[in-house]
Structure formats: structure tokens, C-alpha cells
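Contents: one structure, followed by commentary.
Counting convention: from 1, in listed order, for ligands and their atoms alike. We count residues from 1, following the sequence as given.
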Amino acid sequence: MSSHAAADRVTALKSGPLRGEAVTPGDKSVSHRALIFGALSIGETRVTGLLEGEDVLNTAAAMRSFGADVERTGSGAWRIRGVGVGGFSEPENVIDCGNSGTGVRLIMGAMATTPIAATFTGDASLRGRPMGRVTEPLAEFGAQACGRSGGRLPLTLMGAANPGPVEHRLRVASAQVKSAMLLAGLNAPGVTTIIEPEPTRDHTERMLRGFGAEVSVEETKDGRVIRLVGQPELRAQTVAAPRDPSSAAFPVCAALIVEGSDVLAPSICLNPTRAGLYHTLREMGADLTFENLREEGGEPVADLRARFSALKGVETPPDRAPSMIDEYPVLAVVAAFAEGPTVMRGVAELRVKESDRIDAMARALEACGVKVQEDADTLIVHGRGADGVAGGATVASRLDHRIAMANLVMGLAARDGVTVDDASPIATSFPGFEALMTGLGARFGREGA
Ligand code: S3P
């Protein structure tokens with residue numbers, strides 16, 4: 001989908017206590033990967049708990065375009081009959097990844113070592129995002145990209161006919177780039193080596209192993225060295241997607257800032273490469289507990305209980321950024337309701353997400369009466385305490401689901417609520433967000449409704 005539905009202007013109103021269970025959707029990262037790995041395997045992969053948001057549905061459609069048989073069999077239940085490593089056929093039409101950077105970058109990697117051409121596009125947000133970070137490393141395998149200036153979409157990628165194995169050190173701490181390179185390495189003979197100076201989410205490595213590839217990970221003084229033996233036969237699997245910690249962040253953070261709240265979010269993926277927000281919240285003094293810690297589908301999982309809390313500002317170090325990269329917008333909101341400044345360092349990557357998230361949150365917070373400071377890779381929010389945020393503003397979501405949800409969470413605790421000019425992007429990652437929050441006691445309004 002290249003454009004969202006008509007703008008959906010929503011106001012979050014100051015709400016009473018939020019209480020109950022927040023059953024949040026399946027993990028977006030795992031969902032994209034389950035579809036792609038299923039498509040690259042021999043046999044029938046079954047996925048449960050798949051996130052049925054627009055981003056992931058676009059990846060499902062893309063996998064069909066490359067020749068896989070992808071079918072929905074029930075709510076969150078999907079079946080994929082794959083074509084095997086190197087078995088992708090050339091799509092007949094342009095691949096539209098909608099809003100999804102993860103979708104487009106991983107799929108480019110997955111086809112980069114097969115001798116076919118594919119043209120990729122997306123919505124206005126995705127067309128503005130840098131693709132050179134993926135196409136340049138993929139060129140080391142012999143893949144050729146031709147896109148708009150700055151390497152932006154629409155872009156055509158010609159897969160390499162005779163790929164060789166590659167040794168590549170990541171220039172940005174990005175799981176998307178790492179995953180694109182590993183997916184490309186699948187169809188290159190020999191051992192592909194990827195070195196990541198800072199650890200990023202490791203779902204791809206886990207899934208590679210789960211589908212039968214030979215992968216080793218070595219922690220060295222130069223970073224994590226990941227070695228993949230190319231041209232394995234991936235075997236179809238059953239994948240149970242855990243619930244997304246990045247989506248659970250919204251009801252959990254809302255509970256922390258709305259007085260009297262007590263919310264339980266069951267079965268949330270707490271993979272250490274994803275859990276940075278939750279550790280930060282505890283440092284801020286959040287009454288947040290991890291109950292029932294266990295393993296599900298190869299990922300650590302817990303039930304999160306969050307209660308309204310008196311919070312204090314903290315400093316988040318740059319090396320924590322990859323483990324909470326999608327959570328800074330909502331952390332910025334929580335920080336506004338804490339006492340004292342919260343300093344978020346090493347967050348330059350936020351500038352190239354679905355929107356420039358530093359700018360989007362800085363402008364929204366200022367409009368709601370919160371003082372902020374920013375530079376290229378830092379955001380400082382000067383907290384105003386539990387009842388200190390005025391709100392009363394209309395803020396822009398900028399085609400960014402997480403900016404929309406973070407600002408609606410702010411409105412639930414701000415004195416005069418917050419209006420988001422367009423909440424429709426939320427459907428990319430969290431369909432049912434508003435219904436779930438309403439079920440907990442959140443109040444939303446629409447003009448004329
Ligand atoms: C993702 C990686 C992150 C994250 C995105 C999902 C993934 O992007 O922001 O929402 O599934 O690999 P980067 O790896 O580019 O930081």
C-alpha cells in the first residue's frame with residue numbers, strides 16, 4: 001500500500017486509571033522474518049501469532065510475487081510453501097512495501113544473490129528513507145542497484161548471478177542491514193562473515209538456526225562476528241511469534257503515567273536485544289515487574305505488570321540504543337511525566353526512521369508545554385512531573401505509527417489531552433491499538449463522532 005487511508009484525526013483525552021490485560025499483537029520483526037524464511041525453505045512453514053499489520057501483509061504479498069505460496073488459515077495463522085534458497089522467481093510487477101523499512105531491506109537481501117531483477121517502492125515515508133545502507137553492502141555480493149538520488153526508492157535491484165561469499169563490517173548499528181546481508185549470504189557459496197560492532201536484534205540469527213542453517217556467533221573485542229555457511233537447504237518450520245515488546249511499550253508506558261493504573265501485558269518477548277526500554281523504565285523508578293519469565297518459540301518471554309509510578313529522569317547511554325531503538329518516542333513521553341531531565345544519547349538513527357523521530361517528538365512535546373533540547377544524536381526532555389504536562393495541542397504523526405501512538409499515550413495523561421492529526425499509520429504495526437487501549441479505560445474522541 002503506497003498511501004494510507006484518509007487522515008484520521010484522533011484526540012486522546014485525559015483518562016482515569018487504566019486497568020486490565022493488554023493482549024498486544026505478534027512481534028513485527030519475527031513476523032517479517034517468518035514469512036521470508038518460510039518462502040526460502042522447502043516444505044510447509046506454519047506461523048501462529050503473526051502480526052497482521054499492513055507492514056507484514058505487504059511482506060506476505062511480496063513473498064507471493066517471488067513465487068512462494070502464502071496463505072492465511074486463521075487469525076494470526078499462516079501457511080507458507082517455500083521455493084528454497086535461490087528459488088525466487090522474478091516478480092511480474094513492482095514490489096510495494098508500503099511503510100516498511102524492515103520489509104523492503106530484508107527482501108532486497110533475500111533476492112540479492114539470485115539472478116533476477118525486482119523493482120521496489122513504498123509510501124512517501126519509505127521513499128524518503130536511505131537504501132544505500134543496504135544496497136552498497138549488497139553490491140559486495142555482486143548485486144546492482146539503480147534507484148533515485150541518495151539511493152532512495154523506487155529502486156531496481158539486479159541479483160548477482162555468481163555471488164561470492166562476503167566479509168562485511170556493519171557501518172551502522174542496524175539489524176535490517178545485518179539481516180539483509182545474512183539473507184543474501186544464504187545463496188552465496190562458502191562462508192559469509194558479518195561483523196557488528198554493537199549488538200542489534202538477533203532474530204535473524206535465531207531463525208537461521210531454527211530453519212537449519214549453520215551459523216556461529218563469536219563475541220570478540222571488535223564486536224560480534226557472525227559466520228553463515230552458504231547454500232543450506234532450509235527446512236520448513238513451525239514458528240510461534242511472541243508478542244511485540246515495541247507494541248507492548250504503549251500500554252505499559254500509558255499505565256506508568258496515568259494515575260491509578262495497573263496493567264498486565266502477557267507473553268511479551270524480552271529478547272535482551274529488544275528489552276532496553278524496560279530496563280530504562282525500571283531505572284526511572286517504574287513499578288514494572290517481569291512475571292513468569294519463560295521461553296516460547298526460542299525467545300525469552302515474560303508477563304509485564306505496570307503500575308502508575310513516580311518517575312525520575314535518567315540518562316540512556318549510546319550503547320543501549322539498538323536494544324530500544326523503536327521505543328524512544330514513547331520514552332520521550334514518559335520522560336515528560338518524570339521529575340528532572342532525561343538525556344537520550346546516541347540516537348542519530350532516529351532521524352532516518354519512518355520519520356525524523358527526534359524532530360517529530362521534540363516539536364510535539366514543545367507544543368504540549370514540555371521543554372526539550374536536541375542535537376544531531378541527542379534528545380533531552382525536561383520532565384514536568386506526574387501532572388505537569390499541559391497538552392491541548394494538535395501534533396503531526398508524519399506517516400509514523402510510533403509517533404502517532406506515543407502522542408496518543410501522552411494525551412491520556414496530559415491535562416488537556418492531545419490531538420494527533422492522523423492516526424491511520426497505526427495500522428502498519430498495531431491494528432486494534434485504540435480498541436485495546438479503550439478496553440483498559442483510555443478515552444479517545446473524534447470530531448463529529
Ligand atoms: C528492525 C530493525 C530496526 C527497527 C525496525 C525493525 C528489524 O531497524 O527500527 O523497526 O526487524 O530488523 P534498524 O535495524 O535499521 O535499526
Side-chain angles (χ1 to χ4, degrees), residues 25-37 50-51 53-56 58-59 97-110 122 125-126 128-138 151 170-184 194 196-208 224 226 239 241-242 244-250 269 271 273-277 299 318-331 346-358 360 377 399-403 405-406 425-426 428-430:
D27 189 78
K28 183 155 72 68
S29 294
V30 170
S31 296
H32 282 296
R33 286 162 174 80
L35 291 168
I36 296 170
F37 276 101
L50 188 98
L51 165 64
E54 286 171 7
D55 278 11
V56 175
N58 283 322
T59 291
C97 290
N99 190 249
S100 181
T102 307
V104 75
R105 292 179 176 132
L106 268 55
I107 296 167
M108 285 199 272
S125 155
L126 193 59
R129 296 179 67 185
M131 295 298 145
R133 57 175 52 202
V134 181
T135 54
E136 281 161 26
L138 289 177
L170 295 180
R171 285 187 281 270
V172 275
S174 165
Q176 292 178 357
V177 179
K178 171 178 69 176
S179 302
M181 292 298 279
L182 289 171
L183 286 164
I194 308 297
E196 55 173 1
E198 287 176 73
T200 65
R201 67 190 67 194
D202 62 357
H203 306 296
T204 300
E205 295 91 306
R206 287 174 189 250
M207 226 179 259
L208 277 168
R224 292 173 78 237
I226 305 156
V239 180
D244 196 324
S246 302
S247 297
F250 296 102
C269 174
N271 178 318
T273 60
R274 298 285 301 280
L277 171 76
E299 296 276 356
D319 63 3
R320 199 182 296 168
S323 70
M324 53 186 292
I325 195 65
D326 291 334
E327 283 68 77
Y328 286 99
V330 76
L331 175 63
V347 293
E349 275 293 297
L350 297 184
R351 298 221 181 257
V352 290
K353 293 294 176 187
E354 286 82 332
S355 68
D356 174 343
R357 287 180 171 164
I358 295 181
D377 72 345
L399 287 181
D400 188 330
H401 51 132
R402 298 196 204 283
I403 297 301
M405 287 185 278
I426 293 172
T428 61
S429 72
F430 199 157

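- Formation of a donor-acceptor pair under 3.5 Å by the Asn271 side chain with backbone atoms of Glu299 is not found in this model.
- Nearest protein heavy-atom contact of atom 10 (O) of ligand 1 is Asp326 OD2, 2.7 Å.
- Within the 4.5 Å cutoff, the side chain of Arg206 has no heavy atoms near those of the Thr273 side chain.
- Under the 4.5 Å side-chain criterion, counting only non-hydrogen atoms from C-beta, Arg274 is in contact with Ser29.
- Thr204 and Lys178 share no donor-acceptor pair across their side chains, judged by distance under 3.5 Å alone.
- No side-chain donor from either of Glu54 and Thr428 sits under 3.5 Å from a side-chain acceptor of the other.
- Not one N or O on the side chain of Arg105 forms a donor-acceptor pair closer than 3.5 Å with the backbone of Met131.
- Of the candidates Asp55, Val134, Asp202, Thr102, the one placing a heavy atom closest to atom 1 (C) of ligand 1 is Thr102.
- Close approach to Lys28 involves these atoms of ligand 1, each under 4.0 Å from a residue heavy atom: 10 (O).
- The shortest heavy-atom distance from Arg33 to ligand 1 is under 4.0 Å.
- For atom 16 (O) of ligand 1, the choice among Gln176, Glu349, Lys353 with the nearest heavy atom turns out to be Lys353.
- Residue-ligand proximity: Ile325 is placed with a non-hydrogen atom under 4.0 Å from ligand 1.
- With a heavy-atom cut-off of 4.0 Å, Arg201 touches ligand 1 through its side chain alone.
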